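Okay, structure first, notes after.
Reminder, nothing fancy here: chain letters follow the sequence lines and each chain counts from 1. Side chains included, hydrogens not; waters and symmetry mates left out as well; all remaining heavy atoms used. Just so you know, these numbers come straight off a predicted model, no measurement behind them.
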Amino acid sequence: MEKRPRSFYVLAVFFGFFVLFLYGPILTIGILSFQGPKGGLTFPMNGVSTHWFRDLFQEQAVGDIWGAFRRSFGLGLMVMITTVVVSVMAGLAFRKRFYGSGLLFYAAITSLVIPSILISLGVGLIFSQLGLKVHWATSGFGAQLTWTLPFGLLIMFAVFNRFDKSYEEAARDQGATAWQTLRHVVLPIIAPSLIGVALFGFTLSYDEFARTLLTAGSYNTLPLEIFGMTTNVTTPVIYALGTLTTAFSFVIIAAFLLSVWIMGRRRARLGSDAGKGV
Amino acid sequence: MQLRNRHLIGWLEASPLALVLAAFLIAPILMIVIVSFWGATEFSIYPAFQLDNYEFLFSSPVTYRVFGATLKYAFITWALTFAIGFTVAYFLAFHVRSLTMQIALFLVCTIPFWTSNIIRMISWIPFLGRNGIANQTLISWGVIDEPLEWLLYSDFAVILAFVHLYTLFMVVPIFNTMMRIDKSLLEAARDNGANGFQTLVHVILPLTKPGIMIGTIFVVTLVMGDFITVRFMSGSQRANVGRLISNDIGLLQYPSAAATAVVLLCTVMIVIAILLRFVNIRKEL
């Protein structure tokens, strides 16, 4: 192997600092959430305890953390499923280059780059003028979709740009209907990418703040609840909550990545029947 | 017949997306445009067609100052995220040799994207606070005698948080374009006597331009539309357009908020239109 140039080591150190920059702060609050009962918001540690985690599970003076978590989780699942289904359908549609597809594409890009507060404000105004009550499962759900769907669509573009059409043609040549081709050929091939879309759908919804702010109504989602806490909670309990929900995010991400990996392994093992005879 | 079929099925398949965007993107934008001409009393808003909101907006020096501040945040954040993002992507794409390692390190860079922005902001407090890690360290090293006051609740904190939150929006598209550069082009450059730096400037940088543009669009629009990072990291001491809007909302002055939102949207769209002249997004995925 070729000897590494000196620039490699310089850049490797730079990369190391970047990773430290990314993860350092969250590790710090991870450590600080184990503050002793008398500890404050910064170092030094005043003893080590799980006091603040226990505090989270007890009756809270402010807000309803567990209710907010349940709502965020439910909403995340709703957004995830909708994002996967709608993105796949739209991805299939865009392969056909139908009239007006360019316009729809630009609408999706607009949805991605529009300042989030406009969605929040606009949806809030529409609901109030129509005399409807904003609720996380209606207005909040729709507002979040404007953030997750463009990501799903972009992933589908990336997937179908690399998709080998000859698989479909082969299926068609052997007499498969359009639905059979989709069900037994296209979907299994793109399945790992769909897990990716699902990961985006769930996590972006679970952490979404700006577009949910004016559209969630009287029952907060978790990020809104956490933001509310920042203004009136001055104990490490907020770090404990931050640590817990970040750990939860990591578990979710790991589960998704693991399933992609397992699927890849399974496919490598079972994918080809070459040489096995039929 | 075949042709009409294709368009019809295309629209049927795209209809859920089209409906969601119509209801939660297009309609809200139209609503904001309409309401921006309405009037407001202290407690309610009423339909009207008046230009008062825009007149007030454009006659107030605060507006220009705040838009200036917003563009300043966007530009500084763009410059920093570009420098860091390009370097990181360059390292991953050209200096890490095995694909497995590339994917692993790339994931390390992207995982924070799937966690909460609010918590990532909160997590700077123990670092930057008056008695935070940064100040304690600097004092113990003897660099400073007094704690620095400008670390938290300042422009510095705002930009630090922006860079922390959004650098990966640069890393991902730039890395994606870099991975598709034909390695034989680099060999050709080297065979012709280019050194590493010349290859970087004359071969890699021009070929990476689409990725840089996509990253730029993300970072600039995210920063220009932000209101929560500025509010949180500056301790409500700094303003940008997003905060202007959210303050009006807090005071129930929806028409005024809507007018500001319309101007912000136009500004963002102009910036994107300029950037899109340099890149065709659909080809780059």
Side-chain angles (χ1 to χ4, degrees), chain A residues 5 7-8 11 14-15 18-19 21-22 25-26 28-29 32 41-43 86 89-90 92-93 96 98-99 101 104-105 107-111 113-119 121-123 125-126 142-143 145-146 149 154 157-158 161 203 207 209-210 214 223 226-227 230 238 242 245-246 249 253, chain B residues 6-7 9-11 13-14 16-18 20-21 23-25 27-29 31-32 35 84 87-88 91 95 108 111-112 114-120 122-127 129 131-133 136 164 196 217 221 224-225 227-228 242 245-246 249 254 257-258 261 264-265 268 272 281-282 285:
Chain A
S7 58
F8 170 82
L11 288 170
F14 184 89
F15 185 80
F18 177 67
V19 172
F21 172 66
L22 275 185
I26 197 77
T28 317
I29 69 160
L32 282 171
L41 283 172
T42 53
F43 285 107
V86 174
M89 288 179 69
L92 291 169
K96 300 189 172 70
F98 54 97
Y99 286 129
S101 61
L104 189 59
F105 177 74
I109 296 295
T110 307
S111 184
V113 298
I114 191 172
S116 298
I117 194 165
L118 265 80
I119 301 281
L121 173 63
V123 173
L125 280 173
I126 288 180
L145 284 178
T146 63
L149 283 179
L154 290 181
F157 271 121
N161 279 353
T203 57
D207 299 319
F209 179 82
L214 298 176
I226 293 172
F227 186 74
T230 60
I238 192 160
T245 163
T246 305
S249 290
I253 296 166
Chain B
R6 180 171 62 113
H7 296 300
I9 294 181
W11 268 111
E13 284 172 340
L17 176 70
V20 170
L21 292 181
F24 291 97
L25 176 77
I29 294 175
M31 190 69 192
I32 288 174
V35 171
I84 299 171
T87 314
V88 167
F91 171 74
H95 280 78
V108 167
I111 282 172
W114 294 313
T115 65
S116 164
N117 279 4
I118 301 283
I119 290 164
R120 292 174 69 199
I122 293 172
S123 66
W124 279 107
I125 293 175
F127 256 97
N131 302 310
I133 296 170
Q136 285 177 6
H164 185 231
I217 290 174
T221 55
M224 287 187 70
F227 64 102
I228 208 67
I245 298 172
S246 77
I249 293 173
Y254 293 111
L264 173 65
L265 184 63
V268 170
I272 292 174
I281 293 188
R282 268 174 89 165
L285 294 163

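The contact between A:I253 and chain B is made entirely by side chain atoms (from C-beta outward), counting heavy-atom distances below 4.5 Å. Both the backbone and the side chain of A:A210 have a heavy atom closer than 4.5 Å to some heavy atom of chain B. Heavy atoms closer than 4.5 Å to chain B are found in the side chain of A:F14, but not in its backbone. Heavy atoms closer than 4.5 Å to chain A are found in the side chain of B:I118, but not in its backbone. Proximity to chain A involves both the backbone and the side chain of B:I111, based on heavy atoms less than 4.5 angstrom apart. With a 4.5 Å cut-off on non-hydrogen atoms, A:S7 touches chain B through its backbone and its side chain both. Contact of A:F209 with chain B is made through the side chain alone, with heavy-atom distances under 4.5 Å. Using a 4.5 Å cut-off between heavy atoms, A:L125 contacts chain B through both its backbone and its side chain. For a residue to count as touching a neighbouring chain, one of its non-hydrogen atoms must lie under 4.5 Å from one of that chain's; by this rule A:V19 touches chain B with the side chain only. Both the backbone and the side chain of B:V108 come within contact range of chain A, with heavy atoms under 4.5 Å apart. Contacts between A:T28 and chain B at a heavy-atom distance below 4.5 Å involve the side chain alone, from C-beta outward. In this structure, the portion of B:I29 lying under 4.5 Å from any heavy atom of chain A is its side chain and not its backbone.
If you take CD1 on A:I114 and CG on B:L25, they are separated by 5.0 Å, rounding to the nearest 0.5 Å. Going from atom CD of B:E13 over to atom CZ of A:F98 covers 8.5 Å, rounded to the nearest 0.5 Å. Residue B:F24 holds its CZ atom at 11.0 Å from CG of A:L149, rounded to the nearest 0.5 Å.
B:T115 and A:S249 make their closest contact through CG2-CB, 3.9 Å (heavy atoms, listed as atom of the first residue, atom of the second, distance). Shown here for B:L17 and A:A90, the closest heavy-atom pair between the two residues is CD2-CB, 3.7 Å. Considering all non-hydrogen atoms of both residues, B:I9 and A:K96 come closest at CG2-CE, 3.9 Å.
Relative orientation of the B:H7 and A:Y99 rings is parallel, given thresholds of 30° and 60° on the angle between their planes.
For the set B:T87, B:L264, B:I272, B:V35, the count of heavy-atom pairs under 4.5 angstrom toward chain A peaks at B:T87. Of the listed residues (B:V268, B:I122, B:I125), the one with the most heavy-atom contacts under 4.5 Å to chain A is B:I122. If you tally non-hydrogen atom pairs under 4.5 Å between each of B:V20, B:L265, B:I228 and chain A, the highest count goes to B:I228. The residue among A:L92, A:I29, A:V123, A:L121 with the most heavy atom pairs within less than 4.5 Å of chain B is A:L121. If you tally non-hydrogen atom pairs under 4.5 Å between each of A:I119, A:I126, A:V86, A:I226 and chain B, the highest count goes to A:I126. Note on A:G242, A:P223, A:A93: by heavy-atom pairs under 4.5 Å with chain B, the leading option is A:A93. In terms of non-hydrogen atom pairs under 4.5 Å with chain B, the most contact-rich of A:T146, A:T110, A:I117, A:L32 is A:I117.
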Working note: B:R120 + A:L22, criterion side chain to side chain contact (heavy atoms under 4.5 Å, CB included); need CA distance, chi angles, decisive distance, verdict. CA-CA 9 Å; B:R120 292 174 69 199; A:L22 275 185; 3.8 Å; yes

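You'll find the side chain of A:I26 reaches within 4.5 Å of the side chain of B:I119, heavy atoms only.
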